[in-house]
Amino acid sequence: MKHVNRKGTYSVKTDALKKYFGKDNLIPLWVADMDFETPQCVREALEEALKGGVYGYNFIPDNYFPTIVQWLKEKQKWEVEQQWLTFIPGIVKGIGYAINFFTEEGDGIIVQPPVYPPFINVPKGNDRKLVFNPLIRVEDENGGTYRMDFDNLRKIGESGECSMLILSNPHNPGGIAWDYDTLKELAEICHKYEILVVSDEIHADMPLFGTEHIPFASVSKEAARNSITFGAPSKTFNMAGIVSSFAVVPNEELREPFYRWMRVNELSSPTIFATLGAIAAYTKGDGWRMKMLDYIEGNVVYVENFCKDSLQGLIKPVRPMSSFLIWLDCRELCKKMFGCVDQQQLVELFINRAGLALNDGAAFGQGGEGYMRLNVGCGLEVLEEAMNNLKTAIDEY
Ligand SMILES: Cc1ncc(COP(=O)(O)O)c(C=O)c1O
């Protein structure tokens, strides 16, 4: 994989360190994009569009939606119809649209922390009532995983105060690719209590270590009838700045009014780059994707081995089943170093002592304390330097 030095390119990951961490000279291992050069096919498609020399209004190319249909069928074994799809300019925006269209101020929205911070911030910012159904931590010597708390979810359903649940599938953080039984049970409960599921599947196309992604809407009739799915090539092909995502809504009763609202407000109109980049990625980018996933697996194994061999297992990485983000369980390290799980001191250790910019676990809500999120979408040599710096900081403490 070709790594690109992104300093000086307005990249949030490298150039906004001072703003978010208070200093510049940190190894950037936070924002969820990769340091790998975007696939050549995508760059060529964008260059071709640039060469045109006029950047006026364009319509969506005829092969845009068929390309997505084909991709979902081939890679996710999910048969979707073309009319179920629309373009959306980014998944967080899509979540915001769904919240604004399907819920009212004060309505309850369920999220399952620890979770990607905008799942908390977007409902909150829109004056919805956040209702938490925290994930249950499942521990084992290999880093463990999480499961959903269905007993609690049923109780929330009984209360009747929630009309939407935002699902991260695969789940960020942790990279948990939810299994069929989990998704089916979730679909049954949400259908029974009339809770619309918004499934964010942005990390779907980066399965690791033999995992298979299961789209939420594909698990049952209830799931298809009661869901809005968002997908994108943006994370997978390292093109988040192009802002190219799509929605899939199988149920016409949900879809027609929602898509009409987006259409009349021109919320589902792409730039020419968004569609051309996506078509190129989905038709010609698979070789790059496979190489990238191979490289990421190597990086994950490196971090796992380093934690075991050089940090005496005091940090336990939750092995991601998908994507390039590792959720580091640092609770043992905290107890050993600080006598308790002290998030402030943990963040201080990573940022100020080790010089590493990772995401603070506390930003992911309940259950995030004692954790840090590490982005391994970078060169192995960067990761080696980072892990060695961390070890030195721990040893010197
Ligand atoms: C689960 C999840 N959803 C959405 C996004 C962002 O998507 P977008 O840039 O399309 O809004 C991210 C980025 O990290 C993510 O991890």
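Just follow the structure's listing: the first ligand is 1, and inside any ligand the first atom is 1. In what follows, every heavy atom counts, from backbone to side chain, and hydrogens, waters and symmetry copies are set aside.
The ligand atoms of ligand 1 that sit less than 4.0 angstrom from a heavy atom of Gly90 are 10 (O), 11 (O). Close contacts of ligand 1 with Lys235, meaning ligand atoms under 4.0 Å from a residue heavy atom, involve 12 (C), 13 (C), 14 (O). Atoms of ligand 1 found under 4.0 Å from any heavy atom of Val92, numbered from 1 in the order shown, are 6 (C), 11 (O). The Ala32 neighbourhood of ligand 1 comprises atoms 14 (O), with distances under 4.0 Å to a heavy atom of that residue.
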Checklist entry - Should Phe230 and Ile202 be marked as a side chain to side chain contact (heavy atoms under 4.5 Å, CB included) after you check the CA-CA gap, both sets of side-chain angles, and the distance that decides it? => result CA-CA 7 Å; Phe230 294 125; Ile202 196 168; over 6 Å; no
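For atom 8 (P) of ligand 1, the nearest non-hydrogen atom from the set Ile91, Ile95, Val31 comes from Ile91. Closest heavy-atom approach to atom 4 (C) of ligand 1 among the candidates Asp200, Val122, Asn169: Asp200.
Taking the side chain as every heavy atom from C-beta outward, Met206 and Lys235 approach each other to under 4.5 Å. Put simply, the side chain of Phe150 reaches to within 4.5 Å of the side chain of Thr182, judged on heavy atoms. Here the side chains of Leu333 and Lys316 are not in contact, with every heavy-atom distance at 4.5 Å or above. A 4.5 Å side-chain heavy-atom check between Val92 and Tyr116 finds at least one atom pair inside the cut-off.
Between Tyr371 and Tyr146, the ring planes are tilted. Angles from 30° to 60° get that label. Ring geometry for Trp30 against Tyr20 counts as tilted: the plane angle lies between 30° and 60°, on a 0 to 90° scale.
For atom 16 (O) of ligand 1, a protein non-hydrogen atom is found at a distance below 4.0 Å.
Between Phe21 and Phe350, the gap from one ring centroid to the other reaches at least 6.0 Å.
No N or O atom of Phe119 sits closer than 3.5 Å to an N or O atom of ligand 1. Considering backbone and side-chain atoms together, Asn172 places an N or O closer than 3.5 Å to an N or O of ligand 1. An N or O contact shorter than 3.5 Å is missing between Ala240 and ligand 1 by distance. Polar contact check, His203 against ligand 1: a nitrogen or oxygen pair lies under 3.5 Å apart.
Remark: minimum distance from atom 5 (C) of ligand 1 to any protein heavy atom is reached at Tyr116 OH, 3.2 Å. In terms of protein heavy atoms, atom 7 (O) of ligand 1 is closest to Ile202 CD1, 3.3 Å.
In this structure Ala281 satisfies the side chain to side chain contact (heavy atoms under 4.5 Å, CB included) test together with Val42, Pro233, Phe237, Met239, sequence neighbours excluded.
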